[in-house]
There are 2 protein chains.
Amino acid sequence: MSPPPSRTVDLLIIGAGPAGLALANWFRDTDISVLIVDKKPLPTTRGQAEGLKSTTNEIFDSFGIGSEITAESWRLEEIASWGARKDGGDGIVREQVIPDRVEELGKPRETMLQQSRVEHHMLHNIFFHNNIDIRYSTAPVSIEVDTACAHGTDVYPVTVCLEKVNPYAAAVNGEKANHDTPTEMIFAKYIVGCDGARSWLREQLNVTLEGDLTDSVFGVVDMVPKSNFPDLRRVCYLRAASGTILLVPRSNKEVRMYIPVESGSALPDPKDLTFDRILDAARKIIAPYTMDVGSVSWWSAYRVRQRVGDHFSRLNERAFLVGDAVHTHSPKAGQGMNTSIQDAYNLGWKLRLVLEGLIWPPAARQDLLRTYESERRPVALDLIAFDRGFLKLFSAPSAQFDTEILQALKFTTGLSIRYPPSCAVQLPKGVEELGPSLLKADVVPGKRLPDFRVVYQADGVPTWMHKRLYATGQFRVVIFAGDISDAASLQRLHDVGKYLGESEFVKHLTMPASGAQPLVEVLVVHCAERDTVDFLTLPEVYRPWSEESGYDYWRVFADVESVHDGHGRAYDRLEIDRQVGSTVIVRPDGYIGAVLEVEDVEAVQAYFRQMHV
Amino acid sequence: MSPPPSRTVDLLIIGAGPAGLALANWFRDTDISVLIVDKKPLPTTRGQAEGLKSTTNEIFDSFGIGSEITAESWRLEEIASWGARKDGGDGIVREQVIPDRVEELGKPRETMLQQSRVEHHMLHNIFFHNNIDIRYSTAPVSIEVDTACAHGTDVYPVTVCLEKVNPYAAAVNGEKANHDTPTEMIFAKYIVGCDGARSWLREQLNVTLEGDLTDSVFGVVDMVPKSNFPDLRRVCYLRAASGTILLVPRSNKEVRMYIPVESGSALPDPKDLTFDRILDAARKIIAPYTMDVGSVSWWSAYRVRQRVGDHFSRLNERAFLVGDAVHTHSPKAGQGMNTSIQDAYNLGWKLRLVLEGLIWPPAARQDLLRTYESERRPVALDLIAFDRGFLKLFSAPSAQFDTEILQALKFTTGLSIRYPPSCAVQLPKGVEELGPSLLKADVVPGKRLPDFRVVYQADGVPTWMHKRLYATGQFRVVIFAGDISDAASLQRLHDVGKYLGESEFVKHLTMPASGAQPLVEVLVVHCAERDTVDFLTLPEVYRPWSEESGYDYWRVFADVESVHDGHGRAYDRLEIDRQVGSTVIVRPDGYIGAVLEVEDVEAVQAYFRQMHV
């Protein structure tokens, strides 16, 4: 028998769901070869997840598909709580309507779009890139990793056998496909498992999920309601004597209802739950309102699992697990698809830098890749802890319900995430741990750069900053230069620009002689009136010229009133002093790598030296 | 010789440019067969037009492609004027920066997107509709119209022979293709010429363009500038002693410059103008700033033609001319693509209603179709008149320059357009001509419904009204119901709803028993606090139920503060009394058909009776 065909790829991704597709999106416009395999015969036309947090929408913005996704999404603006009547009568009454708003964000906190449409946009965005292949009906059957060579540079230590999955085979033969005839051998530099809760790769890597089944059994129903309940288009927490419902408006005219069924003593097996039993429970709770069914598109019953993998990467950081493959929790906080995409977003740029050969020596590569686990595993653990409280809150009514919901809104936006110090998150010189004084504002190493709205110096067009932070794999040195109508501040900006554009080490990062994409983009956010600034007299690093395409007009921003969209008040939102200013190093994923003094240009150099780029 | 193949179509469109594609977009989701032919071998990858007025963007919104187009567009926020130094020295100085803003709009007045991308989105939007065919490399060679049967209903009085165009033939043979062998005979109910300034159909119809060549010769250049001129990303009017430039930032890093060359006495033939001569002229004007060339993507020289066709429709309203085919003017006000699309938008819904068989008797059909000429020809004439003044203003500096520019901005947004009374624009009973008292506000029969932002009653999501006025061919009866927390106002809304949903004649328009799309959608805009309104207790015509898809939650709007986007203040903007209210009949193209008293339900019925639907 002749050997099966084989090929080498830089990155093998198992699973083309939200995590796998988000990861692949990092590799558009690179020469890195990526292969995604998925055992599904086709892209899903339906998935159960819908909620998109604003931080996830920022990721789509950075991939260039944010506007399309937002245009197609449904906004959620309000949350209503309903409770038993206080006068002892039967039925529920509306207690409160809370705006679904987190002030710090300055924009909608959550939008809704069917998972299949989210996947569609991410898939479409990589479809015409020759370096990225997607194969459906394809599953891995075995993996071998040569750990001996795992520290090498141009090596392919991961060997995976793939086989074609016949989607009809199981139905026809009632047995599994034959594993002895792999269709192809893949030799990969790195492998990432985005293959969901029943991850094949997790099993191969001997990663154990820690945690356990909870005692919460839920029924969940997606349906078109025919009902006189007045809040069908608001997120509703209903708590009646007979039980609770979480009702979430979905795309089109559907609602989703989560209904804990007979929680407490006599736990049913989810398998015994029928649609009618779930609907009956819902009807009892929502009375005196009616709840008839227009149509049902999906329903299920399940016991919540809250588990986190003991490792997120294995084999000297040659293999990774992302999303549901390495943590599971209840779906009610709408965190599954979001966390999966955010995991992938955290890992993607690190793999991209490594695969582009920008990090040296090999030990530094491993340091960087190790931050995937050190950054994302604590997030998953926090999420489980949150989920436990949320589940309890939801199953058993509490007096602090509304306060806790508001806290939950904040938590689920991810604003509290702070990654620990590492090669990519550097604390100020001499500081080991950030004390409370440094943690007052949100501009802190390890946190996401808060989004803010400014206008371009050159044309006065307003933009949100994260919309400008395209996922190019570039770091940004964002200089909050203060009021540069002041001569001293302007001089300082000139001096810094001269250093960043001309000093030998930094120059190869900011303005490479090759004309290649620089690894570091220098951006300026000032707060002077625009007419006091003559853009083209600024140092070239702030408005580089390309013989092919002209000036880059879009690196200098002003924190001023815009013609049509009002004033973003960026300096106020970020609590940056207009005289002192601040320089913020923003990682390719929009998280803050370091916060520096504007004058301290050496510290910029030091950051990148410590990153080993 | 056997006869050529033939087919019948409801509508034959000549030309797949902005006008033809906009027209075709009206016929998505209908059973009307549309054939578009274009002699080009492929969709253009480049076109010279770029500016999109906000009223054109509203049209894209109604086609469902507004968000995509806006996301890809470049905004223009500012206009700068530059003039000769006042101190008598050489060179130009910046005189003023004006925000590019028209307060009445409440949103950006103009955005920029290359014509080819605009066409791409319109093309993509019809591509998968089986009833609409597009054939490139195809040109009409002869037309015959049987005027005898032109008043019939299911007749195809237009016969057109098409031939395949070999794009290489001219190059190879140096002669025209052979016209004796048409590839196909088309029998059409209607034909529309969207075939540009050298329209074939215009010639066949013996339509004469009135007006003439002006004595203005212009050079126009699209290029990447290498220059130290500080306003490269603002619209600039430069007036130096040696001449004038209109500089407009384009997509990416290009600018377009319009330069009148040697206007006045010694008029050159445009053919004699070279790129170098145009650039030299530009350099003299822009001095002391430099103007070098990164790259040039297009340049041309032309003498402006300002002409309007004597007819916009012929042959008993079986044949129409749209856009450049029937009016030409200078491109500097960015009106060409916009006016073409707006012409097509005006004609499209009328043809749709007629072809759907909704208008009876035939004379009423012709009445409606005749309004295309009576509405759009005056717009073209006004545009020419404006263009003359604008051209003069531009060629010869004037003291009122800035005031006139601001007036021009308003004019070019189309806010002053008012269509004359007709079957589709009905004045109040007994009123022959609108007096000044009725013309104070902008809510006037014949004007475009001013756009405004409100929130949906059901979910609190904000929307602009024109975004909601999808191009479905439906009329909207928009009831500004006032403060319905007041019992009398609520009762009035109930009474009106009962009439509109139950009265025999109106009911077949608003809630047809067949379940088909109603011709009239009833919308409610109230200004009560949302929590005082119980949506599902309103009459069904305001929130119809469909067994297939559930309630229509999106017909009732509130003029209140939104959770994230502020307060739209619709009643104030539209100057509608909160007690009295108003009912506005909005035509399928967003123009106002009638303004009525809320109580006067009979007048609603009268409007549609007079439309003969």
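So you know, we letter chains A, B, ... as the sequences are listed, proteins then strands, and number each from 1. Bear in mind the structure is a predicted one, so any value in this text is a computation, not a measurement.
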Can you check whether B/Val461's main-chain N or O pairs, donor with acceptor, with B/Asp459's side chain at less than 3.5 Å? yes
Under a 4.5 Å cutoff for heavy-atom pairs, which residue among A/Pro225, A/Ser562, A/Gly294, A/Gly64 has the most contacts with chain B? A/Pro225
Is A/Phe535 close to chain B through its backbone or its side chain, or both, or neither, when contacts mean heavy atoms under 4.5 Å? neither
Less than 4.5 Å to any heavy atom of chain B: does that hold for the side chain of A/Asp534, its backbone, both, or neither? side chain
Given B/Val455, B/Leu232, B/Thr537, the one with more heavy-atom pairs under 4.5 angstrom with chain A than any other is B/Leu232
Quick one: closest heavy-atom pair of A/Gly460 and A/Arg530, and the distance? N-NH2, 3.3 Å
Is the shortest heavy-atom distance from the side chain of B/Arg233 to the side chain of A/Tyr456 under 4.5 Å? no
Which bit of A/Pro249 comes within less than 4.5 Å of chain B, counting heavy atoms only: side chain, backbone, both or neither? neither
Given heavy-atom pairs under 4.5 angstrom as the criterion, report whether the side chain, backbone, both or neither of B/Ser227 touches chain A. backbone
When the side chains of residues 99-106 of chain A are checked against the rest of the protein, which donor-acceptor pairs come out under 3.5 Å, sequence neighbours left out?
from: A/Asp100; atom 1: OD1; to: A/Arg109; atom 2: NE; distance (Å): 2.5
from: A/Asp100; atom 1: OD1; to: A/Arg109; atom 2: NH2; distance (Å): 3.1
from: A/Asp100; atom 1: OD2; to: A/Arg109; atom 2: NH2; distance (Å): 3.1
from: A/Arg101; atom 1: NE; to: A/Glu103; atom 2: OE2; distance (Å): 3.1
from: A/Arg101; atom 1: NH1; to: B/Val563; atom 2: O; distance (Å): 2.8
from: A/Glu104; atom 1: OE2; to: A/Lys410; atom 2: NZ; distance (Å): 3.0

Could you tell me which of A/Glu68, A/Arg94, A/Glu78 has the largest number of non-hydrogen atom pairs under 4.5 Å with chain B? A/Glu78
Return the option, out of A/Asn228, A/Thr70, A/Asp531, A/Val97, with the maximum number of heavy-atom pairs under 4.5 Å with chain B. A/Asp531
Rounded to the nearest 0.5 Å, what separation is found between the NZ atom of B/Lys107 and the CG atom of A/Asp565? 13.0 Å
Please determine, among B/Ala71, B/Ser67, B/Ala458, B/Ser295, the option with the most heavy-atom pairs under 4.5 Å with chain A. B/Ala458
Under a 3.5 Å distance rule, please check whether A/Asp231 uses its side chain to pair with a backbone N or O of A/Ala80 as donor and acceptor. no
Go through A/Gly550, A/Gly66, A/Pro108 and name the one with the most non-hydrogen pairs under 4.5 angstrom from chain B. A/Pro108
Could you tell me whether the side chain of B/Arg75 reaches within less than 4.5 Å of the side chain of A/His564, counting heavy atoms only? yes
